[in-house]
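Beneath this line is the structure, given in structure tokens, with notes to follow.
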Amino acid sequence: MAIKGNSGEYKARSPLGMVIAVLLCCFFYVLGAWQRSGYGKGDSIVVAVTRQTACASASAVGLSFETHHTGGLANATTSGLGGKPPPSFAPCAAALTDHTPCHDQDRAMKFPRKNMVYRERHCPSDGDRLRCLVPAPPGYVTPFPWPKSRDYVPYANAPYKSLTVEKAVQNWVQYEGAVFRFPGGGTQFPHGADKYIDQLASVVPFADGSVRSVLDTGCGVASLGAYLDSRGVMAMSFAPRDSHEAQVQFALERGVPAFIGVLGSVKLPFPPRSFDMAHCSRCLIQWSGNGGMYMMEVDRVLGPGGYWVLSGPPINWKANHRKWQRTEEDLGGEQKRIEEYAQMLCWEKVTEMAEIGVWRKRTDTAACPAMPPAVQACDPANPDDVWYKNMETCITPSTTAAGGELQSFPERLKAIPPRISSGAVQGFIVESYEEENRRWERHVKAYRKVNYKLDTKRYRNIMDMNAGVGGFAAAIFSPMSWVMNVVPTAAELSTLGVIYERGLIGIYHDWCEAFSTYPRTYDLIHANGVFNIYRDKCKMEDIMLEMDRILRPEGTVILRDDINVLLRVDKVATGMRWKTMMANHEDSPHIREKVLYAIKPYWTADSDKSSQDQEKKATSSKGKGSDSEV
């Protein structure tokens with residue numbers, strides 16, 4: 001493979017530093033050999049890891065956590081622990097640079113359009129699943145660091161101009177040569193999200209930290225979430241992969257939390273009482289249809305005291321029906337039904353200003369009206385069981401967690417979540433929860449010793465594939481980054497509600513399937529014990545290929561697991577071209593749990609093809625030379 005130069009971005013090491021590195025390596029190698037008798041079975045593996053960890057801490061053994069914007073495909077190095085030859089994965093076709101396995105456009109058209117079923121997740125069967133490496137598009141570069149990424153996205157990373165034409169007057173996005181510029185506009189706020197948020201702030205208390213998490217339905221390019229970030233508010237934005245191509249891709253390229261999704265026929269992948277506010281800005285959802293089912297789903301994920309903001313039709317229809325090209329009867333009837341459903345859900349209307357309506361979910365259930373006979377309460381038996389479960393026309397019981405009210409952010413990040421203090425999460429009490437957080441603070445401290453870039457702007461979009469109670473995200477917390485905390489559907493405990501009570505964000509997901517995102521959307525992926533969870537459920541290589549798909553070129557992976565699991569992971573990683581380095585547990589080399597650090601190299605669809613052609617030419621030339629010599 002061809003390797004492009006790094007333009008001098010690697011810093012030269014001093015002779016003294018090299019001497020110290022060598023001495024440290026030798027010291028730890030001798031120390032490991034001296035202690036070998038205490039390791040028991042697997043002595044050679046532990047000695048090798050101890051030796052490599054020591055050398056890695058001193059000289060990084062070739063791993064660079066920098067980005068270089070452009071650079072060639074480097075051959076991956078293994079951890080040197082031996083075994084069978086690693087599998088090899090070929091690149092996918094260049095046309096698949098934006099491959100989204102569970103949101104494939106051709107497959108979607110085979111499903112019903114009613115209730116947007118065709119825009120929901122429809123994953124390929126095991127036989128149809130692609131097992132190849134999704135390439136980056138030609139000219140791909142590292143996204144700009146936050147906050148510049150909020151306003152600018154390299155054109156090469158998402159080369160789609162349609163929104164610059166379709167939404168030109170609404171200031172969604174503008175094409176300016178090598179970059180897209182995002183002025184912050186939206187369908188309902190063409191003059192910018194900041195001014196729109198100022199309007200909302202007159203009734204929604206963003207400033208005091210009581211509104212931390214926001215669900216933005218039909219988010220467009222997520223400008224609302226992009227501008228809420230500077231006010232300490234974290235938005236989870238979603239939109240379907242539809243005719244507005246690349247809207248979620250643009251959001252993630254900008255560094256804004258988002259996923260591909262739609263309010264259709266299945267429940268949203270969140271537990272009850274997750275969000276402090278839900279928002280719809282002309283999101284084209286039929287709120288008054290299906291017996292109020294969509295408003296009931298919003299009510300399910302909205303916490304007590306949470307706000308619902310509806311911006312656009314039918315709000316203020318009397319002044320806008322001609323502009324919207326709809327009859328007064330049609331719009332008036334729609335708003336009347338929305339008002340009736342809101343009252344039934346025990347939402348109090350706070351205000352209606354211009355084309356914005358704001359409701360608030362009451363905290364005092366005694367003030368709620370009696371439930372109509374035709375509407376039932378949702379089954380409270382397992383409220384967190386939502387993965388691929390159909391939405392229901394029922395009302396989720398409005399209860400305040402027995403553990404008390406949520407604190408404002410950022411205090412709630414370190415406070416004991418109500419679900420923990422009330423004993424709602426089996427296996428966790430206050431003491432074990434606090435110890436879990438201390439454990440992750442130790443782990444992250446050790447990560448920082450290996451990767452000093454964790455404290456910089458290097459990583460904006462971070463994913464934790466098995467988040468638990470959010471310990472990793474809390475320990476690594478920074479206003480310059482965000483973590484998508486994934487709670488696997490196969491996990492023993494459903495802890496996503498705890499994560500939201502901490503003021504963090506996350507989602508349920510089954511790692512036997514592809515994640516609802518575009519390729520190259522995360523800078524750093526953390527995986528703790530994921531492969532043990534999915535042992536005998538699906539193939540390790542499928543999970544790792546999905547990690548590779550959603551990881552950006554020159555992105556970082558940190559995997560924590562049993563040594564035997566990581567040895568298998570390391571071999572698969574080699575076949576995926578990753579550079580890897582094994583490290584011991586920070587407490588002791590005797591502990592079987594190890595850490596595997598990996599870097600995905602930079603390569604694109606055109607550079608890979610060029611490299612392959614060069615290799616073929618070299619092989620052909622070598623053959624001719626041999627014949628002539630004979």
Side-chain angles (χ1 to χ4, degrees), residues 186-220 222-225 227-229 231-238 263 268 273-288 292 294-320 324 331-332 334-365 367-369 395-396 398 406 408-409:
T187 305
Q188 284 300 121
F189 41 92
H191 301 298
D194 250 347
K195 290 184 178 179
Y196 177 73
I197 294 169
D198 285 339
Q199 269 188 294
L200 297 182
S202 65
V203 291
V204 180
F206 295 125
D208 67 2
S210 60
V211 174
R212 165 63 179 172
S213 56
V214 171
L215 180 67
D216 191 12
T217 56
C219 65
S223 285
L224 179 77
Y227 282 83
L228 280 173
D229 183 276
R231 305 186 187 218
V233 178
M234 185 64 65
M236 176 73 89
S237 304
F238 71 93
L263 205 56
L268 294 170
R273 310 188 308 277
S274 293
F275 296 94
D276 302 313
M277 185 182 110
H279 174 264
C280 162
S281 172
R282 200 131 185 199
C283 59
L284 304 180
I285 294 170
Q286 297 298 315
W287 297 110
S288 63
Y294 294 141
M295 290 180 67
M296 292 174 185
E297 178 64 2
V298 168
D299 180 74
R300 182 183 70 82
V301 300
L302 197 62
Y307 295 85
W308 184 55
V309 178
L310 177 59
S311 179
I315 305 301
N316 198 11
W317 57 269
K318 291 180 181 179
N320 294 290
W324 294 334
L331 287 164
E334 182 180 345
Q335 179 152 353
K336 182 182 177 182
R337 289 190 295 275
I338 288 174
E339 301 277 8
E340 290 171 349
Y341 291 139
Q343 186 177 11
M344 181 178 66
L345 292 167
C346 200
W347 295 0
E348 177 186 11
K349 190 167 187 180
V350 178
T351 190
E352 184 172 313
M353 48 185 177
E355 297 171 16
I356 303 171
V358 181
W359 287 261
R360 191 181 188 200
K361 184 174 180 178
R362 294 180 187 269
T363 55
D364 182 11
T365 56
C368 298
I395 298 178
T396 303
S398 182
L406 290 175
S408 295
F409 195 84

With sequence neighbours excluded, tell me which residues meet side chain to side chain contact (heavy atoms under 4.5 Å, CB included) with K349.
-> Q335, E339, E352, W359
Say you draw a straight line from OG of S288 to CD of E334; how long is it, rounded to the nearest 0.5 Å?
-> 4.0 Å
Residues in side chain to side chain contact (heavy atoms under 4.5 Å, CB included) with Y294, at least two apart?
-> N115, L263, I285, W287, N290, M391
Say whether, by atom type as modelled, one donor and one acceptor occur between the side chain of T217 and the main chain of H279 under 3.5 angstrom.
-> yes
With sequence neighbours excluded, tell me which residues meet side-chain hydrogen bond (donor to acceptor under 3.5 Å, both in side chains) with S210.
-> D208
Quick one: salt bridge (charged side-chain N to carboxylate O under 4.0 Å, His left out) pairs with a partner in residues 187-202, sequence neighbours left out?
-> D194-R231, D198-R231
List for me each residue that meets side-chain hydrogen bond (donor to acceptor under 3.5 Å, both in side chains) alongside Q343, sequence neighbours excluded, and say none if there are none.
-> none
Verdict with reasoning, I395 to L345, per side chain to side chain contact (heavy atoms under 4.5 Å, CB included) | CA-CA 7 Å; I395 298 178; L345 292 167; 4.0 Å; yes
Can you give each donor-acceptor pair under 3.5 Å made by side-chain atoms of residues 304-312, sequence neighbours left out, with the distance rounded to 0.1 Å?
residue : atom : partner : partner atom : Å
S311    : OG   : Y196    : OH           : 3.4

Given the rule in the salt bridge (charged side-chain N to carboxylate O under 4.0 Å, His left out) test, do R300 and E297 qualify, once you have shown the distances and angles that lead to the verdict?
-> CA-CA 5 Å; R300 182 183 70 82; E297 178 64 2; 2.8 Å; yes
Can you list the residues that meet the side-chain hydrogen bond (donor to acceptor under 3.5 Å, both in side chains) rule with R212, with sequence neighbours excluded?
-> none
What residues, two or more places apart in sequence or in another chain, satisfy salt bridge (Lys or Arg N to Asp or Glu O under 4.0 Å) together with D216?
-> none
Qualifying salt bridge (charged side-chain N to carboxylate O under 4.0 Å, His left out) pairs with a residue from residues 275-284, counting only residues at least two apart or across chains = D276-R412
Between CZ of R337 and CE of M295, what distance do you get to the nearest 0.5 Å?
-> 11.5 Å
Residues at least two apart in sequence or cross-chain that pass side-chain hydrogen bond (donor to acceptor under 3.5 Å, both in side chains) with D229, listed by chain then number, are R460
